[in-house]
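Notes follow the structure.
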Amino acid sequence: MSPLRPRPDQPARRPVLPERPALEGLEEKWSVRWEQAGTYHFDRTAPREAVFAIDTPPPTVSGSLHVGHVFSYTHADTIARYQRMQGREVFYPIGWDDNGLPTERRVQNYFGVRCDPSITEDSGPPDRAGRRGSEPPVPVSRPTFVALCHQLTAEDEGAFEALFRRLGLSVDWRHTYTTISDRAVRASQRAFLRLLRSGHAYSTEAPTLWDVDFQTAVSQAELEERPLPGAYHRLRFPLLGPADRPLPLSPPDPAGPAVEIETTRPELLAACVALVCHPDDPRYQPLVGQLVATPLFGVPVPVVAHPLADPEKGSGIAMVCTFGDTTDVVWWRELALPTRTLVGRDGRLQPAPFGSPGWESLDPAGAQRAYAELQGRRPEAARRRIAELLAEAGYLVGEPRPITHPVKFYERGERPLEIVSSRQWYVRTLPLRQRLLERGRELRWHPPHMRHRYEAWVEGLSSDWNISRQRFFGVPFPVWYPLDDEGQPDHDHPLVPPEEALPVDPSVDTPPGYRPEQRGRPGGFVGDPDVMDTWATSSLTPQIAGGWEDDPELFGRVFPMHLRPQAHEIIRTWLFSTVVRAELEHRSLPWSDVAISGWVLDPDRKKMSKSKGNVVTPLDLLERLGTDAVRYWAASGRPGVDTAFDEAQMKVGRRLAIKVLNASRFALGRLADEGAETLPGPEAVRHPLDLAMLAELGEVVREATAAFEAFDYARALERTEAFFWRFCDDYLELVKARAYGEPGATTPDPEASRSARAALGLALSILLRLLAPFQPFVTEEVWSWWHDQDASIHRAPWPRLEELPVAAREASAADGQGTLALASWVLGAIRRAKTDARRSMRSPVAQAVVRHRPEALAALDPALADLREAGAVLELRTEALPDGQEPAVAVELAELSEP
RNA sequence: GGGCGCAUAGCUCAGUUGGUCAGAGCGCAGCCUUCACACGGCUGAGGCCACAGGUUCGAGUCCUGUUGCGCCCA
């Protein structure tokens, strides 16, 4: 807990106070000074033991700025500031996530363009001003498109940086990175090449979840299920008998013996490769091993058994198509079924050559006729048409039965995902599961229960991590393929560059051993056209920010990092993938602690979203209420807990900041009264009331420190704030007269005055530092009133109990019977009496009698003089009370005297 | 269907290992133009701690179940 590194001492000087302190303008003033002074600069010479490194989320800059950013980034910032004040060198970089689909989409909409890689030359980007919403997008070349992406992300990043500076984040802006920068590309490609070499990355042609609009593969982590209306179609499959019997030569009879199945995707009937039932299902056991014919198409398919077939669902026997859903993929793989690809990458039904090998049919001509009605249609349209055809031919039993069922979508997509076969790059995560679970248990989670989300995800992994995307604005795979004599790529023997050559763009650069003119020629080479999934890059943020391989000295000091702050909805993506990469590359955790923030909900407890129109622009809030006010609200949200957006709570924070200004002005004014150069130190605090106040403050320091050590910023704030208000409402009022040391005071006593002033100075110093992580602007402002110009409160040491006078440290926990608590109680009684009589607080009290137990009266005794002043009590007496009687204060107001 | 979390004053939430734990703030009502603060201050009313059992001398606090809400996964 003691400072690990020496730090410039920050001696207090005689305060210089402003006439009328205000919050307005503090953000501009101090963010400029901090930048000039390098207040938050990371000292890269600090030894590793002194470093506290934070792996800050790089926000998606193409997304919108919203209060959620303000919320969660403030949480991390309070911890960063606490650690810095504890003497640790805080490595607090920030990045912008600018690569990938979100940016592409924003660029498409913003400029009205679409990327067409087949265009090799164009005249550059179209004039943005000429764009009309109704006009079709202008096709542009890939280089032009990428240039537009860079241009727009640069603008967006400026807006984010302005917001985060305004928010007072104590990041080191010299360590900013972006996920599309050369540094990030190099790190991503290097890590990929190493995975490739170690066998943890591989490419294969496999059924892949595919978004037909974005024309790209989608990973398990990007899936989302949405309820969609559908319908069960009950179809008759004519029985053909055992597989070893010769097939009939004529089309099956729709009215003959048949087995009935139910399906929500009849349009995939032509891709049916089997029927599947549960192995223990007595109804269908006899059929296993027999053949049936697909309706309309007359394709003989076997009946097979597999435990995933649900006897409760539909008729208890299902058709397997290549591919209707992920279960089909499992059946296809585990039962070694053939492939009949139907859905193309554009989402339309492609030609099906019935009668040719792989498409054998009992009635090729009829099959062709039927399929001609479907070919080229999208699944929804084909579904309607085939239902009609099936009904006409007598294969449809009854009417389709409408249902609502969950359908898989790409989380950003608008149409259901299809499953197509394509070549993709994967990282082997499945064999890693056990190891990843162990890592998850090593990691310290705040709050702890968030670990369950990670475990559930790891345990539920069903496929390796697909990291390739068929997009444009991303990190290219640093891979080429040799072309054989027919110009076909050899995917099994990829060509890779040496690490020193990174970053590379295989669509521009030439692989080692080849000449540029060999590109695309037989015997030459071709570049891998894909880019990496965004998560494949952002899973390396600790490495990218920490200078992995580029800056080994820095990396050795900051990695593994200490804290990953993030929101809970990206545990399965960002957190998970970062753990995977650190494990594979470094055999370690990427960080020791993870702090999960909740969401910001609107006042109706719904997640804030643009579509609901309930999004508040954060900049407006910060300008209207002040940064410290908004940060106060954010810091009030407990770790991991969803929190309602609440402007009233921000106003409370604003009141707190204003109170800090005014209370400071009072306390420091009294300190200044002490005279020229001799500011009294802690040893000058002698008065029991002052010592009692400091003793309570010591308890607050203890609790706030413990809370911060547990990453519970909200508790630290709550304890500090509660004490601060009591300090202002009661203690300041009680010592006011004594601190002024006015000659008119009932009991002028220079040493008692000096004690009050010293206590005010010490308490204020500690309180300001306790509040500094939450309200960095107002606390810095007040700090500057009585500290040298180059001394920032944000580099001042976190309060320690050793700062308190010994007598305050030794004061026992007073449990409501301490001098301050008793004095507050008496003061409250006096106030109540005046309020009941509708008198001003200044109106005099003729007589007040405190009745309490003797020990309590003894503790109260030193505060009686202060109470007389604070309550304007002419005569204040105490009377001992026998045990068992209720303590009380009898207050008798003075007669109103007409002026 | 499985998992996790939450249910405490009108609202937002504290209540850390069971024994002054029935609290805070906001809002509301009333009062006070006090020399740090009217971007104030003081005072006050308000709750069978979701429901039903159980453990215990004693339970918002532990256990079981129920209900409602939210999220994650299938």
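Note that the structure is a prediction, hence the values are computed from the model and not measured.
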Tell me every residue that passes ring-ring contact (aromatic ring centres under 6.0 Å, His included) with A:H787, counting only those two or more places apart in sequence or in another chain.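 A:H787 satisfies ring-ring contact (aromatic ring centres under 6.0 Å, His included) with A:W783 only.
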Could you give the distance separating [M] and [N] at their [atom1] atoms, to the nearest angstrom?
N: B:G3; M: B:G47; atom1: C1'; value: 33 Å
N: B:C62; M: B:G15; atom1: P; value: 12 Å
N: B:C4; M: B:C63; atom1: P; value: 13 Å
N: B:U33; M: B:C39; atom1: C1'; value: 16 Å
N: B:G30; M: B:C11; atom1: P; value: 22 Å
N: B:A24; M: B:A45; atom1: P; value: 11 Å
N: B:U17; M: B:C28; atom1: C1'; value: 38 Å
N: B:G25; M: B:C37; atom1: P; value: 23 Å

Identify whether the glycosidic angle of B:G18 places it syn (within 90° of 0) or anti.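 Base orientation: anti.
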Taking syn as within 90° of 0 and anti otherwise, name the glycosidic form of B:G27.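 Here B:G27 takes the anti form, which means its glycosidic angle is more than 90° from 0.
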Would you list the pairs meeting side chain to side chain donor-acceptor pair (under 3.5 Å) in which at least one residue belongs to residues 823-836 of chain A, sequence neighbours left out?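 Side chain to side chain donor-acceptor pair (under 3.5 Å) check on residues 823-836 of chain A returns A:D730-A:S824, A:D730-A:R831.
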Report the residues that fulfil salt bridge (charged side-chain N to carboxylate O under 4.0 Å, His left out) with A:E24, sequence neighbours left out, ordered by chain and then residue number.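 A:E24: salt bridge (charged side-chain N to carboxylate O under 4.0 Å, His left out) contacts with A:R654.
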Just to verify, what does A:D280 make a salt bridge (charged side-chain N to carboxylate O under 4.0 Å, His left out) with, not counting sequence neighbours?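 Not a single residue meets the salt bridge (charged side-chain N to carboxylate O under 4.0 Å, His left out) criterion with A:D280.
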With sugar-phosphate meaning primed atoms plus P, OP1 and OP2, does [X] contact a base, only sugar-phosphate, or nothing at under 4.0 Å between heavy atoms?
X: A:R654; value: base
X: A:E703; value: nothing
X: A:K651; value: nothing

Can you list, by residue number, the residues of residues 717-728 of chain A that have a non-hydrogen atom closer than 4.0 angstrom to RNA chain B?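 Of all residues in residues 717-728 of chain A, the ones placing a heavy atom under 4.0 Å from RNA chain B are A:E718, A:R719, A:W725, A:C728.
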In whole Å, I'd like the distance from the [atom1] atom of [X] to the [atom2] atom of [N].
X: A:D628; N: B:C39; atom1: CG; atom2: P; result: 19 Å
X: A:L23; N: B:C39; atom1: CG; atom2: P; result: 13 Å
X: A:D730; N: B:G41; atom1: CG; atom2: C1'; result: 12 Å
X: A:D712; N: B:A14; atom1: CG; atom2: C1'; result: 11 Å
X: A:I571; N: B:G3; atom1: CD1; atom2: P; result: 18 Å
X: A:D729; N: B:C37; atom1: CG; atom2: C1'; result: 11 Å
X: A:F645; N: B:C11; atom1: CZ; atom2: C1'; result: 16 Å
X: A:I658; N: B:C39; atom1: CD1; atom2: C1'; result: 4 Å

Side chains of A:W30 and A:E781: do they bring a donor and an acceptor to under 3.5 Å?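 Present: a donor and an acceptor within the cut-off.
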Answer yes if the side chains of A:H568 and A:D642 hold a donor-acceptor pair under 3.5 Å, and no otherwise.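 Side-chain D/A pair, A:H568 to A:D642: present.
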Side chain to side chain contact (heavy atoms under 4.5 Å, CB included) partners of A:P448, counting only residues at least two apart: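 With sequence neighbours excluded, A:P448 shows a side chain to side chain contact (heavy atoms under 4.5 Å, CB included) to no residue whatsoever.
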Sequence neighbours excluded, which residues qualify as side chain to side chain contact (heavy atoms under 4.5 Å, CB included) partners of A:E28?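 Residues passing side chain to side chain contact (heavy atoms under 4.5 Å, CB included) with A:E28: A:R166.
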Where the side chain of [X] meets the backbone of [Y], is there a donor-acceptor pair that is under 3.5 Å apart?
X: A:R631; Y: A:Q775; result: no
X: A:R868; Y: A:V873; result: no
X: A:D866; Y: A:V735; result: no
X: A:H75; Y: A:A634; result: yes

Where each pair must be Watson-Crick or G-U wobble with both distances under 3.5 Å, what dot-bracket representation of RNA chain B is obtained, with crossing pairs in [ ] and other-strand partners as |? (((((((..((((.....[...)))).(((((.......))))).....(((((..]....)))))))))))).
For nucleotides 72-74 of chain B, list the nitrogen or oxygen atoms of the protein found under 3.5 Å from its nitrogen or oxygen atoms, one pair per line.
| from | atom 1 | to | atom 2 | distance (Å) |
| --- | --- | --- | --- | --- |
| B:C73 | OP1 | A:R572 | NE | 3.1 |
| B:C73 | OP1 | A:R572 | NH1 | 2.3 |

Distance under 6.0 Å and angle within 45° of the ring axis: does A:R665 meet both against A:W785?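 The answer is no, since A:R665 fails at least one limit relative to A:W785.
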Any ring pair (Phe, Tyr, Trp, His ring centres under 6.0 Å) involving residues 620-641 of chain A? Give me the pairs, sequence neighbours left out, ordered by first then second residue.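 Only A:F71-A:W633, A:W633-A:F645 qualify under ring pair (Phe, Tyr, Trp, His ring centres under 6.0 Å).
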Which distance, rounded to the nearest 0.5 Å, do you find between the CD1 of A:I79 and the OH of A:Y82?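 One gets 10.5 Å once the value is rounded to the nearest 0.5 Å.
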Quick check for you: to the nearest 0.5 Å, what is the distance between A:L437 atom CG and A:E455 atom CD?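 If I round to the nearest 0.5 Å, the distance is 6.0 Å.
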When you check the phosphate oxygens OP1 and OP2 of B:G15, does a side-chain N or O of A:R715 lie under 4.0 Å from one of them?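 Yes, A:R715 has a side-chain N/O under 4.0 Å of OP1/OP2 on B:G15.
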Between A:K834 and B:U34, is there a side-chain N or O to OP1/OP2 distance below 4.0 Å?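 Answer no for this pair, as no side-chain N or O of A:K834 is under 4.0 Å from OP1 or OP2.
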Want to settle it: does A:R638 or A:R665 sit nearer the 5' end of RNA chain B, counting the closest nucleotide to each?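 Comparing both residues, the 5'-ward one is A:R638.
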Need to verify one output field. Residue with the more 5' nearest nucleotide on RNA chain B, A:S840 or A:A663?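 The residue whose closest nucleotide sits nearer the 5' end is A:S840.
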Would the A:H66 and A:H69 ring centres measure less than 6.0 Å apart?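 Distance test on ring centres: under 6.0 Å, yes.
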Ring centre gap for A:W445 and A:Y454 strictly below 6.0 Å: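 They qualify: ring centres under 6.0 Å apart.
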Where do N or O atoms of nucleotides 62-64 of chain B meet protein N or O atoms at under 3.5 Å, pair by pair?
none

Provide a list of protein-nucleic acid N or O atom pairs under 3.5 angstrom, restricted to nucleotides 21-29 of chain B.
| from | atom 1 | to | atom 2 | distance (Å) |
| --- | --- | --- | --- | --- |
| B:C26 | OP1 | A:R655 | NH2 | 2.7 |

